[in-house]
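Below: one structure, written as structure tokens.
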Amino acid sequence: MVHSDSDPPLLNHYGTLLCHSTQWDEPQTRVTMEECQLPLIDLCDLGSDDEMVRRACAAAICKASSEWGFFQVVNHGISSQLVDKMRCEQVKLFRAPFETKATSGLLNNSYRWGSPRATCPNQFSWSEAFHVPLTKVSDEACYGDFKSLREVMTCFAAAMSELSRLLAGILTENLGNWKQASISNICDETTCFLRLNHYPACPISPEIFGLVPHTDSDFLTILCQDQVGGLQLMKDSKWVTVKPNKDALIVNIGDLFQAWSNDVYKSVEHKGIQRTSSRRCQKNRVQGWPSQVST
């Protein structure tokens, strides 16, 4: 495999961890994983003239958030054309030289790669990402030479934010009137981020983590996954592989929403496993402050 000058020095960092680590566990991904189909919810039903259909759709969202912590949505209002444009711009961005991504201040200087705090190989994520506050998405100064990225990213972030507000509204309404007054604070632009992820092909092994096991610390995450797959989540005390659906977006509950709902909704551990081909995906996160959490 030829190393590209766009790739971060993941291999060097991983090799250093491997040489100096005294801790090693066999990767869980060696085990054949059961493939699961996440609950699939058609958001078209929320606009139905039939009140029973609307209520059933909202109930399905709440049930999936309680039982799975994850679900998929189709007919979500984000056009495939916009998703395709975002993917194309993202490919160009991640193909930029590593030094450009790391040192030129792109996207609010939000470029990150690997796992800086890792002390052993099993804590290492073979990935790179930009983690951009929504308040900075329209800022021209963030884009450098990537002028065409700004327009697409601004439209994409706005569409994902609207979907976030819709879903968060349904989930909070289910908790009762005492929670509804705070929904505008949760989905305020200043608490939201758009994350662009890239999982470069790994020359070592497909068992290396693209993203180490974790739960999201935020309220709500919406993931636009590619068709290579690699997402696994913990269900009934075992890891299951999520089958990609090209028409769907994946939604998952974060730690703050679990706490804020008094454990009505579940923040579930998940991870990304590596594949032989590289992967790119987008996340829109509703990031709340700890002061908004009901304990």
_Over 12 non-hydrogen atoms of neighbours within 6.0 angstrom of CG in D145_ = no

*Treating Ile, Leu, Val, Met, Phe, Trp and Tyr as nodes and any side-chain heavy-atom pair under 4.5 angstrom as an edge, say whether V240 and L223 lie in one connected cluster.*
yes

*Any luck finding a side-chain donor-acceptor pair between T241 and E35 under 3.5 Å?*
no

*NZ of K266: more than 12 outside heavy atoms within 6.0 angstrom?*
yes

*Could you check I61 against L167 for side-chain contact (heavy atoms from CB on, under 4.5 Å), going step by step and ending with a plain yes or no?*
CA-CA 8 Å; I61 291 170; L167 296 173; 4.0 Å; yes

*For E151, does the CD atom sit with more than 12 other heavy atoms under 6.0 Å from it, leaving out its own atoms?*
no

_Least distance between heavy atoms, R87 atom then Q225 atom_ = NH2-O, 3.0 Å

*Nearest-0.5 Å distance that lies between atom CZ in F209 and atom NZ in K271*: 5.0 Å

*Name the orientation class of the two ring planes belonging to W126 and Y14 (parallel below 30°, tilted from 30 to 60°, perpendicular beyond 60°).*
perpendicular

_Distance-minimising heavy-atom pair for C224 and V83_ = SG-CG1, 3.6 Å

*Answer yes or no: are there more than 12 heavy-atom neighbours, outside E140 itself, under 6.0 Å from its atom CD?*
no

*Exercise: identify the closest heavy-atom pair between A157 and L194*: CB-CD2, 4.2 Å

_Under the salt bridge (charged side-chain N to carboxylate O under 4.0 Å, His left out) test against E128, which residue among R112, R195, K101 passes?_
K101

*Inter-residue atom distance W260.CH2 - I253.CD1, 0.5 Å rounding*: 11.0 Å

*Out of curiosity, does V53 fall in the hydrophobic cluster containing L46 (side-chain heavy atoms, cut-off under 4.5 Å, transitive links)?*
no

*Between N75 and L43, what is the shortest heavy-atom contact and its length?*
O-CB, 3.5 Å

*For residues S267 and T215, report the shortest heavy-atom separation together with the two atoms involved.*
OG-CB, 3.5 Å

*Hey, can you tell me if H13 and W113 have their rings parallel, tilted or perpendicular (30° and 60° cut-offs)?*
perpendicular

*Check the surroundings of atom CD in E162: do more than 12 heavy atoms from other residues, nucleotides or ligands lie under 6.0 Å from it?*
no

*In terms of the angle between their ring planes, are F193 and H131 parallel, tilted or perpendicular, with boundaries placed at 30° and 60°?*
parallel

*Of all the heavy-atom pairs spanning S164 and L220, show the shortest one and how long it is.*
O-CD2, 4.0 Å

*Over 60° means perpendicular and under 30° means parallel, so classify the ring planes of H270 and F70, tilted if in between.*
perpendicular

